[in-house]
Amino acid sequence: MKVICPSCGRSYSSFVPPRCSCGAELEISYDYSAVDVSAWKKREKGVWRYRELLPDVKRVITLKEGGTPLFKAKLSDELNLNVFIKDETRNPTGSFRDRLVTVAVSYGLPYAENGFAVASNGNAAASLSAYAARAGKEAFVVVPKKIDRGKLIQMIAFGAKIIRYGDSVDEGIAYVRDLAGLNGFYDITPENNIIGLEGQKTIAFELWEELNPTHVIIPTGSGSNLYSIYKGFKELLEIGAVDEMPRLIAVQPERCSPIASEILGKKARKEITKALGLYVKDPVSKEKAVRAVKESGGTAVLVGEDELDFGERVLVNEGIFAEYSSAVVIPALFRLSEEGYFEKDDRVALIVTSSGLKAYYREEKFSIGGTKLEILKLLGEGERYGYEIWENLEKPMNYQAVYQHIKELESLGLIEKSRRKGKRLYYRLTEKGKRLLENFSE
């Protein structure tokens, strides 16, 4: 791995910042002449299959991420196109960010004296929580007040230290940089550390091995995934594996479209959207993402809020339950098809980045809510025994039903028996329960 500033020539080896001290953008490169792509086919599928084009690490922290399925979509027949879906929901924590985190955590272990940190609108924070636990390190995640509840539940389950900060992820980036510097954390936020982007680019390598697409449609928030995929194909060009770059298509919701609007020459909006994973108002990677799309000869598409449910339904019919932030690729595909953007023999890849199980609008499907949440709130005021809990519930309920809720909360590790006084058995919140209650109260 080589990191040399293209402007002043300074080289970096240990901690690699996103920009050189002279202000120029940095990019990681390798000895491309030494890469033998035929060796990849002999290895297990996954991110680390491509280790010649990844940073050197002493210890790999992996949950077997990458190697996700690519299959032809049923809607190919409807559109008379060759459409393929890259299903990143099959990653260990349900999103493409596992690719970033396995590389960032593996590389950062020697520098993570007191743990890891990240600023994230959800997926990277959930992923870091899991991988830090795997590495035996603490995770400190800075997430906005508006966040998908399913992702929050993952962070709580893995024991991450959660800091709710700001309206969107934009505000957390500088905050976590300072937090990490002052506390000895290794910051894996893509805007603060480009190492993890090397993991995300492996999507491009997998697409090339299985399809060699002519077009790739990518949900775009911060722009880091789009840029990573671009870098992957750029490296494939460098080693002679492909003759040309596929056209990259950035998709953003109309309500929050700083990157897509820049590409299309329109005025950008920066409003809250149902596609919370794409709610990034001022993406640091905007210039890189815009350049990637333009250099690939691609374009951008803006998707309305009313089109998100359509996108979700179409993916469900394909057998994929995706969050709104991923479902944007479907209306974008239909729009471009109607406009005659594609030719019949084109091979179009859709990147589905994250599972619908992680999204806040599904929170009623999780087991924590209603009566259980009310019980947690009562115990947040202090320890109580069963009858006392039942007596203080707002909604009348059979005592046996309340007791069942108590047992389920105990089995989830959210409450525990604290003491017995005569026949009375008292319960209190566990640390996990306190974290959940604190974050659900936001």
Next item on the list: Can you establish whether the number of heavy atoms outside Glu287 located under 6.0 Å from its atom CD is more than 12?
Entry: no
Check: Is Asp56 atom CG crowded by more than 12 heavy atoms from other residues, nucleotides or ligands, each under 6.0 Å away?
Finding: no
Judged by atom type as modelled, is there a donor-acceptor pair below 3.5 Å linking the side chain of [X] to the main-chain atoms of [Y]?
X: Asn114; Y: Phe185; answer: no
X: Asn398; Y: Gln400; answer: yes
X: Arg347; Y: Asn82; answer: no

Polar side chain donor-acceptor pair, [X] to [Y], under 3.5 angstrom:
X: Glu198; Y: Tyr30; answer: yes
X: Glu416; Y: Thr430; answer: no
X: Arg99; Y: Thr68; answer: yes

Residues [X], [Y]: salt bridge by 4.0 Å N-O rule:
X: Glu171; Y: Lys145; result: no
X: Glu235; Y: Lys231; result: yes
X: Lys434; Y: Glu431; result: yes

Does some side-chain heavy atom of [Y] sit less than 4.5 Å from a side-chain heavy atom of [X]?
X: Met245; Y: Glu295; answer: no
X: Lys274; Y: Asp309; answer: yes
X: Tyr186; Y: Asn193; answer: yes

Note to self: So that I know where these two stand, are Phe310 and Phe334 an aromatic pair - ring centroids less than 6.0 Å apart?
What the structure shows: yes
Item checked: Pair Trp40 and Tyr50, ring centroids less than 6.0 Å apart -> yes
Measure the spacing between [atom1] of [X] and [atom2] of [Y] and express it to the nearest 0.5 Å.
X: Glu318; Y: Lys74; atom1: CD; atom2: NZ; result: 5.5 Å
X: Lys270; Y: Cys256; atom1: NZ; atom2: SG; result: 8.5 Å
X: Arg177; Y: Asp187; atom1: CZ; atom2: CG; result: 8.0 Å

Notebook entry, point to check: Of the options Arg90, Glu88, Glu210, which is the one that meets Pro69 in a side-chain contact (heavy atoms from CB on, under 4.5 Å)?
Noted result: Arg90
Notebook entry, point to check: Among Val251, Ile217, Ile85, Ile203, which residue meets the side-chain contact (heavy atoms from CB on, under 4.5 Å) test with Ile351?
Noted result: Ile203
Next item on the list: In sequence, state the C-alpha distance, the side-chain angles, and the governing distance for Glu206 and Lys45, and then conclude on side chain to side chain contact (heavy atoms under 4.5 Å, CB included).
Entry: CA-CA 9 Å; Glu206 291 176 14; Lys45 287 187 176 182; over 6 Å; no
Note to self: Let's go through Ser257 and Gln252 carefully: what are the C-alpha distance in whole Å and the side-chain angles of both, what is the deciding distance for side-chain hydrogen bond (donor to acceptor under 3.5 Å, both in side chains) to 0.1 Å, and is it a yes or a no?
What the structure shows: CA-CA 5 Å; Ser257 59; Gln252 292 197 294; 5.3 Å; no
Margin query: Run Asn392 and Glu374 through side chain to side chain contact (heavy atoms under 4.5 Å, CB included) and show every step you take.
Written below: CA-CA 10 Å; Asn392 283 275; Glu374 195 177 344; over 6 Å; no
